[in-house]
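What follows is one structure encoded as C-alpha cells, with my remarks underneath.
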Amino acid sequence: MKRIRFGAVIAMLILALSLTACTKKNEQPADTDQTVTQDANTVTQEPDVDVTLTEKDAQALVLEKLPDGYTAEFAGNVSSDNHEYLVFQVKDAAGNDIGDVAIDTQSGERYNYEGEGYMSDYSNFALYDENQDAVCDWNGTFTKDAEHSVSLAQADSNSFEYSFTADKSGIARITGNTASDTNQTIRFIFTSETAIHIEDTDEAYTGDYVLSEYGD
C-alpha cells in the first residue's frame, strides 16, 4: 500500500510541474510580442529634417548659369514673405558688376534681386538666356492637324517622353525652351504656354502644334 501511495504522490508532483511549465510557456510569447512591437515603433519614428541650402550650394546654383570667368560673391541674407534668401553679386571677368541673384534656401529657385528685399523673376536678370535658362512645362497633348498630334510626358527637368499618333516615339533632352531626341532627328521648340514648334527630318511631322489636352 505504501508503494502505491508513494507512486501517486510522485505522479501528482510531475503533473503539477508540467502544468507550471505549460503556463510559463504560454505566457512567454506575449512578453516577446510586446517587446518586438515596442522596438518596431521606436525604429519607425523619425524626426522631421529641415533641409536648408548652404552658402556653397546656393553659390553653385548661381555659377552654373554664368559664362566662364564670371564670379558670384556672397552679398548677404534677405528675408521676404516668410522665405529666406542668399544674395550673390555677379561680376564679369573684368570685375564689372552685372547684377545680383537671390537663391531661395528651401527650394533653390533663382531670382533677380532688385534690392531693398525685392525679388523679381530670374528672367529679368541681365544674363538670362531663354534658350538656356527657360523653365518650361512640356506636359500635354499638342495637335497639328487631324492626322498629327503628339503627347509629351515630362519625367524631370532634363527630359520628356514623346509619342506621336503615327507610331513615332522617343525621349527628348531639354535645354531651356528647346528639346531634341536622342537620335537628333527631331527638335521641339516651346513657343508659348499653349504651343510648340517641331522640326524633323521627316517633314510630315514638322510644323506648329497647339495644346489640345493638358498633361499631369
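Everything quoted here is computed from the prediction, not taken from an experiment. Throughout, residue positions are numbered sequentially from 1 according to the sequence presented.
- Taking the ring-ring contact (aromatic ring centres under 6.0 Å, His included) definition, one finds that Phe74 meets it with Phe88, sequence neighbours left out.
- Neither Ile189 nor Tyr162 shares a network with the other; the hydrophobic side chains, linked directly or stepwise wherever heavy atoms of I, L, V, M, F, W or Y lie under 4.5 Å apart, form separate groups for each.
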Give every donor-acceptor pair under 3.5 Å between a side-chain atom in residues 198-210 and any protein atom, sequence neighbours left out.
{"unit_1": "Asp200", "atom_1": "OD2", "unit_2": "Asp202", "atom_2": "N", "d": "3.2"}
{"unit_1": "Asp202", "atom_1": "OD1", "unit_2": "Ala204", "atom_2": "N", "d": "3.1"}
{"unit_1": "Thr206", "atom_1": "OG1", "unit_2": "Asp200", "atom_2": "N", "d": "3.0"}
{"unit_1": "Thr206", "atom_1": "OG1", "unit_2": "Asp200", "atom_2": "O", "d": "3.2"}
{"unit_1": "Asp208", "atom_1": "OD1", "unit_2": "His197", "atom_2": "ND1", "d": "2.7"}
{"unit_1": "Tyr209", "atom_1": "OH", "unit_2": "Tyr205", "atom_2": "O", "d": "2.7"}

After noting the C-alpha distance and the side-chain angles of Tyr122 and Phe125, does the key distance pass the ring-ring contact (aromatic ring centres under 6.0 Å, His included) rule?
-> CA-CA 5 Å; Tyr122 184 67; Phe125 182 58; 5.7 Å; yes
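- Closest approach of Ile171 to Ser159, counting heavy atoms only: CG2-CB, 4.1 Å.
- For the pairing with Thr141, the side chain to side chain donor-acceptor pair (under 3.5 Å) check across Ser149, Ser163, Ser151 returns one residue only, Ser151.
- Nearest heavy-atom pair across Val90 and Asp100 is N-OD1, 4.3 Å.
- Looking only at distances, no side-chain donor or acceptor of Ser80 sits under 3.5 Å from a matching main-chain atom of Tyr118.
- When hydrophobic side chains of Ile, Leu, Val, Met, Phe, Trp and Tyr are connected at separations under 4.5 Å, Met119 ends up clustered with Val78, Tyr85, Val87, Tyr111, Tyr113.
- Identified under the ring pair (Phe, Tyr, Trp, His ring centres under 6.0 Å) test for residues 166-187, with sequence neighbours left out: none.
- A distance of 9.0 Å separates OG1 of Thr143 from CD of Glu213, quoted to the nearest 0.5 Å.
- To the nearest 0.5 Å, the span separating CZ on Phe188 from CG on Asp181 amounts to 7.0 Å.
- Separation of atoms OG1 (Thr71) and CD1 (Ile98) is listed at 9.0 Å; rounding is to 0.5 Å.
- Not one N or O on the side chain of Glu84 forms a donor-acceptor pair closer than 3.5 Å with the backbone of Thr105.
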For residues 60-68, dump all side-chain donor-acceptor pairs below 3.5 Å to protein atoms at least two apart in sequence or in another chain.
{"unit_1": "Glu64", "atom_1": "OE2", "unit_2": "Arg110", "atom_2": "NH2", "d": "2.4"}

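- Within the structure, side chain to side chain donor-acceptor pair (under 3.5 Å) contacts touching residues 166-177 (residues at least two apart or in different chains) do not occur.
- The 12-atom threshold is exceeded at CG of Asn96, counting heavy atoms of other residues, nucleotides or ligands nearer than 6.0 Å.
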What's the verdict on side-chain contact (heavy atoms from CB on, under 4.5 Å) for Asn112 and Glu114, showing C-alpha distance, side-chain angles and the deciding distance?
-> CA-CA 6 Å; Asn112 181 50; Glu114 305 282 356; 2.9 Å; yes
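- Atom SG of Cys136 is separated from atom CZ of Phe160 by 9.5 Å, given to the nearest 0.5 angstrom.
- Put simply, the side chain of Asp121 never gets that close to the backbone of Asn124: no donor and acceptor are under 3.5 Å apart.
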Go through the steps to decide whether Gln106 and Thr52 satisfy the test side-chain contact (heavy atoms from CB on, under 4.5 Å), and finish with yes or no.
-> CA-CA 5 Å; Gln106 295 297 320; Thr52 302; 3.2 Å; yes
How far apart are the C-alpha atoms of Leu86 and Asn77, what are their side-chain angles, what is the distance that settles it, and do they pass the side-chain contact (heavy atoms from CB on, under 4.5 Å) test?
-> CA-CA 5 Å; Leu86 298 178; Asn77 301 67; 3.1 Å; yes
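- Between the Gln59 side chain and the Ala72 main chain, a donor and an acceptor come within less than 3.5 Å of each other.
- Considering all non-hydrogen atoms of both residues, Thr178 and Arg187 come closest at CG2-NH2, 3.6 Å.
- Closest of all the heavy-atom pairs between Thr165 and His148 is OG1-CA, 4.1 Å.
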Report the C-alpha separation of Asp97 and Gln89 in whole Å, then their side-chain angles, then the decisive distance to 0.1 Å, and conclude whether the side-chain contact (heavy atoms from CB on, under 4.5 Å) test is met.
-> CA-CA 7 Å; Asp97 291 339; Gln89 185 179 37; 3.4 Å; yes
